[in-house]
Amino acid sequence: MGLLRIMMPPKLQLLAVVAFAVAMLFLENQIQKLEESRAKLERAIARHEVREIEQRHTMDGPRQDATLDEEEDIVIIYNRVPKTASTSFTNIAYDLCAKNRYHVLHINTTKNNPVMSLQDQVRFVKNITTWNEMKPGFYHGHISYLDFAKFGVKKKPIYINVIRDPIERLVSYYYFLRFGDDYRPGLRRRKQGDKKTFDECVAEGGSDCAPEKLWLQIPFFCGHSSECWNVGSRWAMDQAKYNLINEYFLVGVTEELEDFIMLLEAALPRFFRGATDLYRTEINLRETPLMRKTTEKKLPTKQTIAKLQQSDIWKMENEFYEFALEQFQFIRAHAVREKDGDLYILAQNFFYEKIYPKSN
């Protein structure tokens, strides 16, 4: 028995195609409106939370600069590079803030733009330095380094960060834009529906996997100068290295995140007391929301990696990564000791003597 086929007239077929296209455009428009509404709601909630905190502190009485202890007058800025385990690390700060008595604030920039306008730079610096109700404060967001000294600030914030192998970071970001992660699985991503693998993208010379997309960690550390965002700039890399050494308290690497957390707990216990044990507990459980994992990620082939490594941009980003890794390992070597395969923080290794004049 043959299959019965129902043929539609050409005009009806055309109308059906047009109707389908219109329906898809309508759905896309509705989704966009929902996302915009969600963003507006998040901003409104954030403003309401800020007002509540300020009102609560006003009822408790004004907090004077003179009464702010040195231990309380601390601000940490984590200008997180995308896809470097930044959400996993930030969740630790959120989990500890109530227990360790500090505030955590997310710096939400429009469209995750890492470069602030000049007027926003002034506002941000003023907020960070004078908002005593939020001190001690841990600020995090996808923003490039900002030099507080040029705004006349006497006490600068403490900068920390984490970076990652450049190709691994790009691969993770590529799949994140298409499939999201297990942190917010229902959220629609910018490239959702694109099933092309990273290998296929590189083979076809696609824009989302082009070597220029590797240029991110250097400008994040370089800062707000125009040359920082000039892809392949040697000056930008040198400035990024200078800032990493001179302006950052500690920069870790994704591949050794636990050691980074351990060093922060030893050096800044006011914020990170209990962080190492929390991280070890969560990393062992895996099913908890602390450890964020990109969905559907496929590792690139050796051929794909070799092709990207031919780029001068990769060579510069990798040089910066190796520079940061060497510095981190140097700091770690002088701060911990190894015993039975585990690392332990060294006790204080200095003391004072020959103190003059002698007291009576």
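Along the sequence shown, residues carry numbers from 1.
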For [X] against [Y], the heavy-atom pair lying closest together:
X	Y	result
Asp165	Tyr321	N-CE1, 3.4 Å
Trp215	Ala236	CZ2-CB, 3.9 Å
Ile143	Thr109	CG2-CG2, 3.7 Å
Glu133	His103	O-CE1, 3.1 Å
Phe328	Gly252	CD1-CA, 3.9 Å
Thr129	Asn132	O-OD1, 4.2 Å

| request: Over 60° means perpendicular and under 30° means parallel, so classify the ring planes of Tyr248 and Tyr159, tilted if in between. | output: tilted
| task | Mind telling me whether Phe272 and Phe138 have parallel, tilted or perpendicular rings, with 30° and 60° as the class edges? | result |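 Phe138 and Phe272: perpendicular rings.
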Rounded to the nearest 0.5 Å, how far apart are [atom1] of [X] and [atom2] of [Y]?
X	Y	atom1	atom2	value
Arg101	Arg273	CZ	CZ	8.5 Å
Leu250	Leu268	CG	CG	8.5 Å
Asp312	Leu214	CG	CG	12.0 Å
Leu257	Thr84	CG	OG1	9.0 Å
Asn127	Ile107	CG	CD1	10.0 Å
Asn161	Gln217	CG	CD	8.5 Å

| So Ile74 and Tyr102, side-chain contact (heavy atoms from CB on, under 4.5 Å) or not? Walk me through it. | CA-CA 10 Å; Ile74 301 176; Tyr102 62 87; over 6 Å; no
Decide yes or no for [X] and [Y]: does some side-chain heavy atom of the first lie under 4.5 Å from some side-chain heavy atom of the second?
X	Y	value
Leu96	Phe271	no
Gln303	Asp199	no
Gln121	Leu118	yes
Asn243	Gln239	yes
Leu308	Phe198	yes
Glu256	Arg332	yes
Pro82	Leu216	yes

Are any side-chain N or O atoms of [X] and backbone N or O atoms of [Y], one a donor and one an acceptor, separated by less than 3.5 Å?
X	Y	answer
Lys155	Asp73	yes
Asn112	His142	no
Glu200	Thr197	yes
Glu258	Arg280	no
Tyr279	Met262	no
Trp314	Glu212	no
Ser144	Pro114	yes
Ser225	Glu227	no
Lys339	Tyr344	no
His106	Tyr139	no

Answer yes when [X] and [Y] have at least one side-chain N-carboxylate O distance shorter than 4.0 Å, and no when they do not.
X	Y	answer
Asp208	Lys196	no
Arg123	Asp120	yes
Glu168	Lys83	no

| said: Against the six-membered ring of Tyr356, is Lys358 placed for a cation-pi contact (under 6.0 Å from the centre, within 45° of the normal)? | reply: yes
Would you say [atom1] of [X] has more than 12 non-hydrogen atoms from neighbouring residues, nucleotides or ligands within 6.0 angstrom?
X	atom1	value
Leu299	CG	no
Glu70	CD	no
Gln119	CD	yes

| said: Per the disulfide (SG to SG under 2.5 Å) rule, what does the pair list look like for residues 69-106, sequence neighbours excluded? | reply: none
| field | Hphob cluster co-occupancy, Phe350 + Ile355, side-chain heavy atoms under 4.5 angstrom | value | yes
| query | Between Tyr242 and Ile163, is there a shared hydrophobic cluster once you connect ILVMFWY residues whose side-chain heavy atoms come closer than 4.5 Å? | reply |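 Tyr242 does not cluster with Ile163.
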| request: Pick out which of Phe89, Tyr78, Tyr94 makes a ring-ring contact (aromatic ring centres under 6.0 Å, His included) with His140. | output: Tyr94
| Does the side-chain contact (heavy atoms from CB on, under 4.5 Å) test come out yes or no for Tyr145 and Ile77, once each step is laid out? | CA-CA 9 Å; Tyr145 169 76; Ile77 296 181; over 6 Å; no
| Verdict with reasoning, Cys222 to Trp235, per side-chain contact (heavy atoms from CB on, under 4.5 Å) | CA-CA 9 Å; Cys222 179; Trp235 181 91; 3.8 Å; yes
| task | Answer yes if the side chains of Lys315 and Asn318 hold a donor-acceptor pair under 3.5 Å, and no otherwise. | result |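 There is no such pair (donor and acceptor under 3.5 Å, judged by atom type) between the side chains of Lys315 and Asn318.
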| task | Evaluate the criterion side-chain contact (heavy atoms from CB on, under 4.5 Å) for residue pair Arg164 and Val81; output intermediate values, then yes/no. | result | CA-CA 9 Å; Arg164 186 176 186 178; Val81 180; over 6 Å; no
